[in-house]
**Student:** 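So that we are looking at the same thing, I have put the structure below in structure tokens.
Residue indices begin at 1 and follow the sequence shown. We count ligands from 1, going down the list as the structure has it; atoms in each ligand are counted the same way.
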Amino acid sequence: LSATPVRVAIIGAGNIARTHLLAYQANAATVVAFADVDLARARLLADEAGANAYADYREMLGAETVDAVSICTPPSSHRDAALHVLSRGLPVLCEKPLARSVDEGREIAEAARRAGVPFQIGLCHRFHSTVLRLKDLIDSGALGTPVSFRNRFATRIDNIQQSWFVDREIAGGGVILDNGVHSIDLFRFLCGEVTSVVARQSITIAGLKVEDTAALALTSERGIVGTIELSWATPGSDNAITVYGSEGQATVDYNAREIRFQLAGQNDWTREGESAPNRFTREISHFLECVRTGGQPSPGLGDGLRALEVIAQAYVSAKAG
Ligand SMILES: NC(=O)c1ccc[n+]([C@@H]2O[C@H](COP(=O)([O-])OP(=O)(O)OC[C@H]3O[C@@H](n4cnc5c(N)ncnc54)[C@H](O)[C@@H]3O)[C@@H](O)[C@H]2O)c1
């Protein structure tokens with residue numbers, strides 16, 4: 001069975017859909033169809049892949065024989081698309097965030113439990129090679145007892161006013177939801193379950209109706225304290241995760257494409273570059289393995305849902321602040 005190429009359909013044919021296409025191809029899977037409400041976009045990627053193009057995903061899944069589906073639309077359509085794909089009993093790889101809200105996320109989780117098929121959430125940083133190395137350094141005790149976690153994900157997005165990212169109806173929130181979902185998942189992945197979160201937010205870009213900048217402070221079940229900084233308004237920013245332990249420290253530096261660490265008794269820093277394949281190719285390799293075996297992926301629905309719950313708490317805190 002593993003020799004048979006998995007046949008995949010992709011819903012939404014924008015930026016991340018192309019990344020999924022390349023990652024499926026790198027894993028010898030066949031993308032047979034794309035659906036996008038903007039048919040021209042579906043056609044563009046379909047031509048690149050030698051696939052078929054549709055304007056409506058229901059029509060696509062009625063016409064095509066597929067083994068699995070990627071959902072690559074903005075968050076406002078994740079629930080309806082996921083419910084439809086699950087009603088057909090097909091495995092899902094759904095882009096982050098799982099949905100716009102905890103309630104929508106719970107509806108998806110209910111439907112997925114009933115369908116009993118693999119459901120992966122696109123929290124792709126769990127597959128980033130230097131993040132995996134950092135997890136090894138923590139779990140092996142090489143840093144001693146982990147004490148503090150610090151993460152900044154930030155950039156400046158030109159013409160952000162024109163993008164759906166800042167439309168609350170489509171995105172479900174601002175930078176805390178869009179980018180913070182990765183940060184919160186990384187904190188959970190590396191430091192354990194979140195036990196509390198407080199947040200502050202700001203709108204620094206004129207005309208925006210959602211937060212473009214935020215800071216979060218969290219604690220984990222292991223007693224690790226984390227800080228997360230997010231912004232869409234700062235060019236040339238650091239993009240990094242640092243974990244400080246009782247015996248050493250390590251930084252995943254996305255800009256320098258490396259991890260550097262200093263362990264107990266060492267004066268020198270060790271630097272290791274990122275290793276291939278990239279995080280999306282690894283993410284989709286894991287999904288395809290679950291499609292073949294019927295196993296439940298990690299990160300799965302519980303991770304997608306828990307991140308939404310923490311984000312909801314962060315918004316309550318940020319609004320009160
Ligand atoms: N994992 C990551 O690192 C990462 C990176 C970028 C985006 N994303 C996520 O991927 C999703 C898509 O983001 P993007 O940057 O590719 O957006 P995009 O705007 O480039 O593409 C989205 C596409 O979906 C289409 N679409 C909208 N509603 C639809 C519907 N109901 N049916 C079919 N098609 C529909 C749009 O026409 C558009 O072509 C978002 O949830 C985003 O958060 C994840």
Side-chain angles (χ1 to χ4, degrees), residues 9-24 33-46 48 51-62 64 69-85 92-101 104-105 108 120-128 131 151 153-155 157-186 189 210 230 232 239 254 278-284 286-287 297 299 303-304 307-308 311:
I10 299 183
I11 301 178
N15 287 324
I16 203 68
R18 185 154 193 282
T19 303
H20 281 222
L21 167 62
L22 295 175
Y24 280 118
F34 289 87
D36 197 301
V37 287
D38 183 341
L39 182 59
R41 289 199 188 185
R43 285 218 175 99
L44 207 64
L45 284 189
E48 191 176 325
N52 296 322
Y54 298 82
D56 181 342
Y57 59 79
R58 292 173 182 82
E59 190 193 330
M60 171 176 75
L61 295 179
E64 301 280 345
V69 177
S70 269
I71 297 176
C72 295
T73 59
S76 52
S77 42
H78 287 186
R79 177 193 52 191
D80 287 357
L83 262 48
H84 182 73
V85 176
V92 179
L93 169 53
C94 181
E95 263 309 331
K96 48 59 59 173
L98 177 61
R100 288 174 297 185
S101 66
E104 282 188 344
I108 297 174
Q120 187 166 329
I121 179 74
L123 291 164
C124 54
H125 290 271
R126 287 195 186 210
F127 297 93
H128 198 67
V131 168
N151 164 233
F153 279 156
T155 184
I157 301 178
D158 291 332
N159 300 319
I160 195 164
Q161 289 93 338
Q162 273 89 59
S163 106
W164 61 256
F165 294 164
V166 298
D167 183 331
R168 189 183 298 283
E169 198 44 46
I170 298 176
V175 75
I176 295 178
L177 180 56
D178 178 70
N179 230 358
V181 74
H182 284 304
S183 301
I184 288 162
D185 185 63
L186 283 164
F189 183 54
V210 294
L230 305 162
W232 282 327
N239 284 281
Y254 285 79
N278 70 29
R279 60 181 180 262
F280 297 102
T281 299
R282 287 176 205 253
E283 171 185 63
I284 278 176
H286 177 63
F287 178 56
D303 300 300
L308 290 181
I311 285 164

**Student:** Quick check: closest heavy atoms across Tyr54 and Ala42, and the distance to 0.1 Å?
**Tutor:** O-CB, 3.7 Å

**Student:** Without swapping roles, check the side chain of Asn151 against the backbone of Ser183 for a donor-acceptor pair under 3.5 Å.
**Tutor:** no

**Student:** Which residue supplies the protein heavy atom nearest to atom 23 (C) of ligand 1, what is that atom called, and how far is it?
**Tutor:** Asp36 OD2, 3.5 Å

**Student:** Please walk me through it: do Asp185 and Lys96 pass salt bridge (charged side-chain N to carboxylate O under 4.0 Å, His left out)?
**Tutor:** CA-CA 11 Å; Asp185 185 63; Lys96 48 59 59 173; over 6 Å; no

**Student:** Would you check if the side chain of Arg41 reaches a backbone N or O of Gly12 as a donor-acceptor pair within less than 3.5 Å?
**Tutor:** no

**Student:** Using only atom types and a distance under 3.5 Å, with no angle test, would you say the side chain of Gln120 pairs donor to acceptor with the backbone of Glu283?
**Tutor:** yes

**Student:** For residues Ile108 and Ala82, report the shortest heavy-atom separation together with the two atoms involved.
**Tutor:** CG2-CB, 4.0 Å

**Student:** Is a donor from one side chain sitting under 3.5 angstrom from an acceptor on the other, for Tyr24 and Ser70?
**Tutor:** yes

**Student:** Using a cut-off of 6.0 Å, state whether more than 12 heavy atoms not belonging to Arg18 lie near its atom CZ.
**Tutor:** no

**Student:** To which of Leu98, Leu44, Asp80, Asn15 does the heavy atom nearest atom 15 (O) of ligand 1 belong?
**Tutor:** Asn15

**Student:** Would you say His182 touches ligand 1, if touching means a heavy atom closer than 4.0 Å?
**Tutor:** yes

**Student:** Could you check atom 33 (C) of ligand 1 against the protein and tell me its nearest heavy-atom contact, residue, atom and distance included?
**Tutor:** Val37 N, 3.6 Å

**Student:** Taking the minimum heavy-atom distance to atom 41 (O) of ligand 1, which of Arg41, Met60, Lys96, His125 ranks first?
**Tutor:** Lys96

**Student:** What is the nearest protein non-hydrogen atom to atom 12 (C) of ligand 1, stated with its residue, atom name and distance?
**Tutor:** Cys72 O, 3.3 Å

**Student:** Distance under 4.0 Å to a non-hydrogen atom of Asp178: what atoms of ligand 1 satisfy this?
**Tutor:** 43 (O)

**Student:** Do any nitrogen or oxygen atoms of Pro74 come within less than 3.5 Å of a nitrogen or oxygen of ligand 1?
**Tutor:** no

**Student:** Just to confirm my output: which protein heavy-atom neighbour is closest to atom 28 (N) of ligand 1, and how far is it?
**Tutor:** Ser77 OG, 3.7 Å

**Student:** Is there a heavy atom in Arg18 that sits closer than 4.0 Å to ligand 1?
**Tutor:** no

**Student:** For atom CD of Gln162, decide whether the heavy atoms of other residues, nucleotides or ligands shown that lie under 6.0 angstrom number more than 12.
**Tutor:** yes

**Student:** Going by distance alone, is a donor N or O of one side chain under 3.5 Å from an acceptor N or O of the other, for Asn278 and Thr281?
**Tutor:** yes

**Student:** Where the side chain of Asn239 meets the backbone of Ala154, is there a donor-acceptor pair that is under 3.5 Å apart?
**Tutor:** yes

**Student:** Identify, for atom 1 (N) of ligand 1, the protein heavy atom at the shortest distance, and state residue, atom and that distance.
**Tutor:** Glu95 OE1, 3.0 Å

**Student:** For atom 21 (O) of ligand 1, which protein heavy atom lies nearest, and how many Å away is it?
**Tutor:** Gly14 CA, 3.2 Å

**Student:** So if I count the atoms of ligand 1 from 1 in the order they appear, which ones are less than 4.0 Å from some heavy atom of His78?
**Tutor:** 41 (O)

**Student:** Among all protein non-hydrogen atoms, which one is nearest to atom 5 (C) of ligand 1, and what is the separation to 0.1 Å?
**Tutor:** Ile16 CD1, 3.4 Å

**Student:** Any nitrogen or oxygen of Thr73, side chain or backbone, less than 3.5 Å from one on ligand 1?
**Tutor:** yes

**Student:** May I ask you to check if ligand 1 and Asp38 share an N or O to N or O distance below 3.5 Å?
**Tutor:** no

**Student:** Out of Phe34, Trp164, Phe280, Tyr54, who gets a non-hydrogen atom closest to atom 18 (P) of ligand 1?
**Tutor:** Trp164

**Student:** So that I know where these two stand, are Phe153 and His125 an aromatic pair - ring centroids less than 6.0 Å apart?
**Tutor:** yes

**Student:** Have a look at ligand 1 and work out which part of Ala81, if any, has a heavy atom under 4.0 Å from it: side chain, backbone, both or neither.
**Tutor:** neither

**Student:** Taking only heavy atoms of Gly122 into account, list the atoms of ligand 1 that are under 4.0 Å away from them.
**Tutor:** 1 (N)

